2 protein chains.
Amino acid sequence: MAALPPGLLGTLDPTSDRAVFRQIADQLREAIAKGRFAEGAKLPSEAELTDHFGVSRMTVRNALSILQSEGLASAEHGRGVFVRPRPPVRRLASDRFAQRHRDQGKSGFTVEAEAVGSRPEVDSLVVREERSTPEMSARLGSARKVLARRRRYLLDGKPVETATSYLPLDIARGTPIAEPNPGPGGIYARLEELGHRLDHFEEEVRARMPAPDEVKTLRLAPGVPVIHVVRTAFDTDGRAVEVCDTVMAADAYVLAYRLPAT
Amino acid sequence: MAALPPGLLGTLDPTSDRAVFRQIADQLREAIAKGRFAEGAKLPSEAELTDHFGVSRMTVRNALSILQSEGLASAEHGRGVFVRPRPPVRRLASDRFAQRHRDQGKSGFTVEAEAVGSRPEVDSLVVREERSTPEMSARLGSARKVLARRRRYLLDGKPVETATSYLPLDIARGTPIAEPNPGPGGIYARLEELGHRLDHFEEEVRARMPAPDEVKTLRLAPGVPVIHVVRTAFDTDGRAVEVCDTVMAADAYVLAYRLPAT
DNA sequence: TAGTGGTCTAGACCACAGT
DNA sequence: CTGTGGTCTAGACCACTAA
């Protein structure tokens with residue numbers, strides 16, 4: 001095993017109160033920030049680091065796990081630990097639910113993905129009737145049962161978002177909305193055809209660390225949070241006609257909003 | 001040391017492929033989800049878990065560190081590991097920059113905090129002129145130098161948000177905006193008095209894990225992401241008159257937005 | 001096959017909280 | 001003082017990757 005190039009990383013300060021593994025993490029973080037390790041580049045192996053700093057392997061692993069929890073690096077079994085590249089982000093514009101986007105034949109996700117040269121996919125499509133939760137009843141105005149449409153969105157094979165739409169049965173049952181493929185323009189186009197003119201949407205945005213099943217479904221690297229968006233669609237009568245619960249890989253999204261000043 | 005109450009946690013499956021520390025984490029996570037450990041309750045100590053599962057201490061610590069990285073638990077040195085309580089969240093309404101909020105004497109943060117019975121504080125107020133970054137120049141329409149106003153917001157002593165406003169010098173220099181206290185209604189009220197009628201705001205929302213300095217400034221527990229919001233204020237001439245860069249503790253915020261359907 | 005990270009053990013000493 | 005978590009060592013064996 002070759003030694004580390006001199007000057008790539010510094011040395012420890014034995015007089016410091018700061019724990020050794022934190023000092024090592026600091027050095028690696030700084031080296032990444034300074035560009036000494038490019039995006040996607042391999043960091044020194046655990047063996048090289050134990051050698052360089054003269055510490056035990058657990059100490060080095062502790063340091064590396066810090067970088068991973070910060071989202072700066074990710075380990076690949078048998079290959080090494082790499083500086084995590086920032087994936088292309090999907091920008092959700094503030095006019096993403098404007099009428100004109102519904103008039104096209106394809107769904108917003110598909111149109112948008114193809115516009116930036118990505119290959120869009122939708123899978124895990126489940127459509128079924130479910131009992132409503134108290135929270136959903138509150139948002140939809142108390143319906144006992146709801147139609148749930150679950151799906152997962154992928155860009156170039158990478159999962160980026162899961163979404164579940166909930167609709168009151170008195171609106172959706174027996175309509176194309178209850179079909180796996182609701183047709184051109186998606187369920188919002190169908191809602192309008194059914195006489196529910198859409199007026200506006202309300203979104204609630206949160207961020208948190210993913211649950212284990214979300215890590216799996218979205219294939220999230222360590223240190224990547226999720227953005228949790230709950231969107232309610234209102235028709236021109238002021239009725240909530242759909243609630244969409246969305247979980248997005250935070251490293252793949254930027255949400256844009258426009259706020260009135262008056 | 002007393003043994004764990006029987007039935008509180010299950011046993012390991014030695015035939016499982018799943019790593020032991022993950023199985024232990026799973027059991028604790030499930031017990032928390034089922035309410036066997038309430039919010040704020042103390043989890044079994046490392047020694048008790050070591051004993052119960054018959055594994056080494058590092059294995060138990062590994063399991064506990066998973067729960068912490070998920071934001072489910074937090075360790076307190078010398079006391080134990082506790083189920084993390086969810087702090088009260090601050091909800092940012094979609095009309096938070098409406099005219100009527102500026103007409104009041106106090107800042108939005110103060111008014112809102114007092115409305116829900118919390119004690120608001122603002123500290124680390126720094127106001128100074130800085131060189132503009134390329135990104136800021138792009139957003140503000142290329143100004144070489146900008147006025148930067150940095151501050152940190154606290155609720156009941158807990159830091160929840162840091163914010164930095166950037167304004168072009170030709171607008172802000174020599175005005176109350178360059179003073180530590182810009183007066184009633186904040187800098188938006190002053191901008192309007194200076195002839196910059198506000199038209200709308202654009203926000204970009206991201207989520208990520210905090211950098212070490214953000215962990216410190218916001219006193220973030222492990223497993224808590226930050227919400228990063230960059231807001232640009234536009235006047236009725238279409239000019240960007242302010243950019244506000246905000247970092248929020250994600251466990252303390254829900255952002256609400258209203259989107260047009262037309 | 002050699003190099004990598006993943007898991008696990010069985011200790012040690014330290015710092016902090018509460019009695 | 002006891003019990004707690006924080007740090008660190010020096011090993012071991014395993015699973016995965018790539019040559």
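Note that the structure is predicted; figures quoted are calculated from it, not measured. Side-chain atoms are counted along with the backbone in the values below, which use heavy atoms only and exclude waters and symmetry mates. Throughout, protein chains are lettered first and strands after them, A, B, ... in sequence-line order, and every chain is numbered starting at 1.
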Report task. Not counting sequence neighbours, which residues clear salt bridge (Lys or Arg N to Asp or Glu O under 4.0 Å) with R79(B)? List them please. Result ->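 Result, salt bridge (Lys or Arg N to Asp or Glu O under 4.0 Å) vs R79(B): E76(B).
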
Report task. Let me see the working for V230(A) and V243(A) under side-chain contact (heavy atoms from CB on, under 4.5 Å), right down to the final yes or no. Result -> CA-CA 7 Å; V230(A) 179; V243(A) 172; 3.8 Å; yes

Report summary line: Expected string for nucleotides 8-16 of chain D under the B/S/- scheme (protein heavy atoms, under 4.0 Å, primed atoms plus P, OP1, OP2 as sugar-phosphate) is BBB-B--BB

Please list, chain by chain and in numerical order, all residues satisfying side-chain contact (heavy atoms from CB on, under 4.5 Å) with [X], sequence neighbours excluded.
X: S124(A); answer: R152(A)
X: V126(A); answer: R128(A), R150(A)
X: T246(A); answer: E161(A), A163(A), V229(A), C244(A), M248(A)

Whole-Å distance between [N] [atom2] and [X] [atom1]?
X: L64(B); N: dT7(D); atom1: CG; atom2: P; value: 14 Å
X: E46(B); N: dA15(C); atom1: CD; atom2: C1'; value: 14 Å
X: E76(A); N: dA18(D); atom1: CD; atom2: P; value: 9 Å
X: D17(A); N: dC14(C); atom1: CG; atom2: P; value: 15 Å
X: R61(B); N: dC14(C); atom1: CZ; atom2: C1'; value: 12 Å
X: E48(B); N: dT2(D); atom1: CD; atom2: P; value: 18 Å

Query raised in the report: What pairs with R29(B) under side-chain hydrogen bond (donor to acceptor under 3.5 Å, both in side chains), at least two apart in sequence or on another chain?
Result: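 With sequence neighbours excluded, R29(B) shows a side-chain hydrogen bond (donor to acceptor under 3.5 Å, both in side chains) to D26(B), E70(B), given in chain and number order.
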
